[in-house]
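Only one structure is covered here, and it is reproduced in the block below.
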Protein chains: 2
Amino acid sequence: MQTGRPLEFDPQLAIDAAMGVFWLRGFEATSLSDLLAAMGLSKSSFYNAFGSKQQLFEACLVRFRRRHVERMGEMLHSAASPLAFVREMLLTNAREAREPGPRRGCLIMNTATEFAGRDAAVAACVEDAARDFAAMFRTAIEMAQEHGEIPRNADAAVLARYLLTTMAGLRTMVKAGLPADELEKVVEVAMSALR
Amino acid sequence: MQTGRPLEFDPQLAIDAAMGVFWLRGFEATSLSDLLAAMGLSKSSFYNAFGSKQQLFEACLVRFRRRHVERMGEMLHSAASPLAFVREMLLTNAREAREPGPRRGCLIMNTATEFAGRDAAVAACVEDAARDFAAMFRTAIEMAQEHGEIPRNADAAVLARYLLTTMAGLRTMVKAGLPADELEKVVEVAMSALR
DNA sequence: GGTTAAATGGACCAAGCGGTCCAAAAATGG
DNA sequence: CCATTTTTGGACCGCTTGGTCCATTTAACC
């Protein structure tokens, strides 16, 4: 079995580059040439390696999900307490409003609003990611309950979905132009629902 | 001063039709022919009356905002109590998940995520609408405070923004595919932050 | 019924879209 | 250094995009 010429680019890195563009501009507003420019590929290499714009997009969603679930896990692990982790997560979302430059929000939430209704495969990616994020929150809440930070009779699954909802809302409000300091106060109100 | 031939269509009705399409599909994914078909206009009538796709879009945003602020006002007025109004608002958002067919969410929130970062005029429309919605919530909260439903020392403006955030989050979660009954439980958690 | 102002349908536009295809180049294993 | 496998650049595709333009029709006023 012959090997042939090896790939000249790193597919993972290319996906990362594409992810950045999709993240910033969404699916529809991103053109093929935008992608090619960002990835540094020719058209044929692109189609050879990724099939189509939408397939690449789905790959980006999967990669985004994996990476961010991982990052959440690390944050939970290194946080002062489970509840501190939750607060930190929400604050991180709110504080995007503080940064200069464009607000890109969360790729998954963006996709849910822009695209999930139109394509089943994409919708599945979004649902999977949402489930994963909620599961991370649920773990944190159960830990907090054992810690005594949250009442033990509370329904951890419902609280987890509540937190996910709040996260999504914060991201939307950032995009809608609310200032960071106001959103940080909103986070404190949101946290008060856990007690 | 001569009058000339009168318009053959009702511009308001045409905007309503266009709004429906934008609401469902977003700005980028809506093509001119989609709009013309929905509005029942020829291309020249369209450009004559509305200037461009984006100008029409902005008109839709303005109209959407006016209509929904109005509707919120009516709901607040006819509600059993200010707090009941708030709960009803949130539940209305959550219950979109119960309806068959595509989920369109809220045109303003959709636009915030899809488009607000790229165009200043559109961003301004979104900010204005967000401010109006928040103001309605604020009125409701202040009424609830006088009613004794919410502690008087709470910051009504912050709570209002919290509610707006929750609304936006609920709409996103509906689009992400969470079932209605779970979202209704989330609403109850969210409401508990007001007490 | 003529005059005027505006609406209308449809031809037309260049540019961009996502996607295909192929001949040439290149890197590996033998 | 040859054979095999794969990548690569670029030509090419049909189609759609948002938008313009104009000759014609239409309605209202006097």
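Below, chains carry the letters A, B, ... as their sequence lines are ordered, and counting in each starts from 1.
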key: Protein-nucleotide distance (A/N48, atom CG; D/dT7, atom P), rounded to Å   = 5 Å

message = Going by side-chain hydrogen bond (donor to acceptor under 3.5 Å, both in side chains), name the residues that satisfy it together with A/S45, two or more places apart in sequence or in a different chain.
response = A/S42

query = Restricting to pairs with a member in residues 152-170 of chain A, which pass side chain to side chain donor-acceptor pair (under 3.5 Å), not counting sequence neighbours?
reply = A/R161-B/E182, A/Y162-B/Y162

query = If you look only at pairs with a residue in residues 107-116 of chain B, which of them pass as a salt bridge (Lys or Arg N to Asp or Glu O under 4.0 Å), with sequence neighbours excluded?
reply = none

inquiry  = Filter on side chain to side chain donor-acceptor pair (under 3.5 Å), then keep only pairs touching residues 73-85 of chain A, sequence neighbours left out; what's left?
reply    = A/S81-A/E149

message = Between P on D/dG10 and CG on A/L36, what's the gap in Å once rounded to a whole number?
response = 12 Å

Compile the donor-acceptor pairs under 3.5 Å between side chains in residues 32-39 of chain A and protein atoms, sequence neighbours left out, one pair per line.
residue: A/S33; atom: OG; partner: A/S31; partner atom: OG; Å: 3.2
residue: A/D34; atom: OD2; partner: A/S31; partner atom: N; Å: 3.0
residue: A/D34; atom: OD2; partner: A/S31; partner atom: OG; Å: 3.4

Integer-rounded Å distance: D/dG10 P and A/L41 CG = 14 Å

query = Should the pair B/F50 and B/F9 be assigned to parallel (<30°), tilted (30 to 60°) or perpendicular (>60°) ring geometry?
reply = tilted

remark   = Taken to the nearest whole Å, CZ/B/F50 to P/C/dT8 is 10 Å

Separation of D/dT7 C1' from A/F9 CZ (nearest whole Å) = 9 Å

note = Counting primed atoms, P, OP1 and OP2 as sugar-phosphate and everything else as base, the B/S/- map of nucleotides 13-24 of chain C against protein heavy atoms under 4.0 Å is ----SBBBB---

